[in-house]
Amino acid sequence: MSEVKISAQTRTEFGKGAARRIRRDSKVPGVLYGHGSDPLHLTLPGHDLLLALRTPNVLISLDIDGKTSELAIPKAVQRDAIKGFLEHVDLLLVKRGEKVTVEIPVHAEGELAAGGNLLEHVLNALPVEAEATHIPEGVTVSVEGLEAGASVLAKDITLPKGVTLAVDADAVVLQVLAAQAEEAPEGEGAEGEEVAEA
């Protein structure tokens, strides 16, 4: 997993007005916390941060005020619901060699058994524990030939070395649903009975 270097400045202004001024300068307000230290309020470059966050669980090497360097992973990202720009980011302070609990994307590959079956992602992301500097970008699961009713449990997924599950081993991650039958004609109930009008 690669590190992304980002320069950040500490900030002393807080509140909505200060946050708006920061965003007008194409920057993003953020907070760095963890390891029992006081939260550190930061201003981060918006474009660099946006590019970094394209990678799930990216490891960010923060150069703070040109004085200190810290490693962090994104913990919570707030985006504008309509325009999608970054509004705020929470960063978790991590150390090399430290284990962290994160969620990694689950990708399915292969064709289901014939019959128009559907694949449901019960968990879009798999909670795992991994070393902070070796977080996998995701896991790939083969669903080749799975029939309706089949499911893939967390314990069935092969994880990279040094990565362990942070969820119940019997948790369903993917399941195959049978193709839906055609809907009943209007005016009939589920069992074909007439629907009484109120």
Side-chain angles (χ1 to χ4, degrees), residues 1-108 119-140 154 159-160 163 165-167 171 173-174:
M1 171 179 216
S2 59
E3 286 179 31
V4 177
K5 292 191 183 313
I6 292 182
S7 296
Q9 288 80 43
T10 51
R11 62 185 167 101
T12 52
E13 286 189 300
F14 307 102
K16 288 183 179 178
R20 281 193 200 104
R21 283 192 294 280
I22 290 168
R23 288 192 282 270
R24 262 199 305 270
D25 288 341
S26 299
K27 295 184 177 175
V28 179
V31 177
L32 176 67
Y33 61 91
H35 292 282
S37 59
D38 290 334
L40 186 61
H41 298 271
L42 302 171
T43 300
L44 302 123
H47 183 69
D48 293 350
L49 186 60
L50 191 64
L51 291 176
L53 293 175
R54 287 184 177 172
T55 303
N57 300 311
V58 63
L59 185 64
I60 299 172
S61 176
L62 289 170
D63 176 7
I64 303 170
D65 295 330
K67 298 175 189 170
T68 57
S69 181
E70 299 284 5
L71 287 177
I73 57 173
K75 206 61 184 162
V77 179
Q78 294 173 9
R79 296 176 189 268
D80 180 89
I82 297 167
K83 296 181 182 172
F85 63 80
L86 297 173
E87 290 192 328
H88 189 273
V89 64
D90 286 0
L91 300 169
L92 180 65
L93 191 62
V94 295
K95 303 279 185 213
R96 291 186 194 283
E98 174 188 11
K99 292 262 189 178
V100 292
T101 300
V102 294
E103 292 188 345
I104 58 173
V106 177
H107 306 286
L119 182 66
E120 179 187 16
H121 286 256
V122 179
L123 292 178
N124 284 320
L126 185 67
V128 297
E129 188 178 73
E131 202 259 299
T133 55
H134 292 92
I135 298 171
E137 290 188 16
V139 288
T140 302
L159 297 172
V163 178
L165 287 175
V167 66
V173 180
L174 302 169

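Note that the coordinates shown come from a computational prediction; the quantities given were computed from them, not determined experimentally.
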Would you indicate whether the side-chain heavy atoms of [Y] and [X] approach each other to under 4.5 Å?
X      : Y      : value
Val139 : Val163 : no
Leu174 : Glu120 : no
Val4   : Leu51  : no
Ile6   : Leu49  : yes
Leu42  : Pro29  : no
Gln9   : His41  : no
Gln78  : Val28  : no
Leu91  : Leu44  : yes

Can you tell me how far apart [atom1] ([X]) and [atom2] ([Y]) are? Round to the nearest 0.5 Å.
X      : Y      : atom1 : atom2 : value
Thr55  : Glu137 : OG1   : CD    : 5.5 Å
Ile64  : Thr43  : CD1   : OG1   : 11.5 Å
Leu165 : Thr101 : CG    : OG1   : 11.0 Å
Leu71  : Leu32  : CG    : CG    : 10.0 Å
His107 : His121 : NE2   : NE2   : 9.5 Å
Asp65  : Ser7   : CG    : OG    : 10.0 Å

Under 3.5 Å, is there a donor-acceptor pair between the side chain of [X] and the main chain of [Y]?
X      : Y      : value
Arg11  : Leu40  : no
Asn124 : Pro105 : no
Glu131 : Gly97  : yes

Quiz prompt | Nearest heavy-atom neighbours spanning Glu98 and Lys95 | solution =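 Heavy-atom minimum between the residues: OE1-N, 2.7 Å.
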Quiz item: Of all heavy-atom pairs between Gly34 and Leu93, which one has the smallest distance, and what is that distance?
Solution: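 Looking at all heavy atoms of both residues, the closest pair is O-CD2, 3.9 Å.
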Exercise. Report yes or no: do Asp63 and Ser69 form a side-chain donor-acceptor pair below 3.5 Å?
Key: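 Note: Asp63 and Ser69 side chains miss the donor-acceptor criterion.
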Quiz item: For His88, which residues count as a side-chain hydrogen bond (donor to acceptor under 3.5 Å, both in side chains) partner, sequence neighbours excluded?
Solution: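 Here the qualifying residues are Asp90.
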Exercise. Output all residues satisfying side-chain hydrogen bond (donor to acceptor under 3.5 Å, both in side chains) with Glu103, sequence neighbours left out; order by chain, then residue number.
Key: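 With neighbours one apart ignored, the set is empty.
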Self-check item: Lys99, NZ: over 12 other non-hydrogen atoms inside 6.0 angstrom
Solution: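 For Lys99, atom NZ is crowded (more than 12 foreign heavy atoms under 6.0 Å).
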Self-check item: Among Ile104, Val94, Leu59, side chain to side chain contact (heavy atoms under 4.5 Å, CB included) partner for Ile135
Solution: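 Checked Ile104, Val94, Leu59 against Ile135; only one passes side chain to side chain contact (heavy atoms under 4.5 Å, CB included): Ile104.
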Quiz item: Can you tell which of Ile73, Leu92, Leu126 makes a side chain to side chain contact (heavy atoms under 4.5 Å, CB included) with Val102?
Solution: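 Output: one option passes, namely Ile73.
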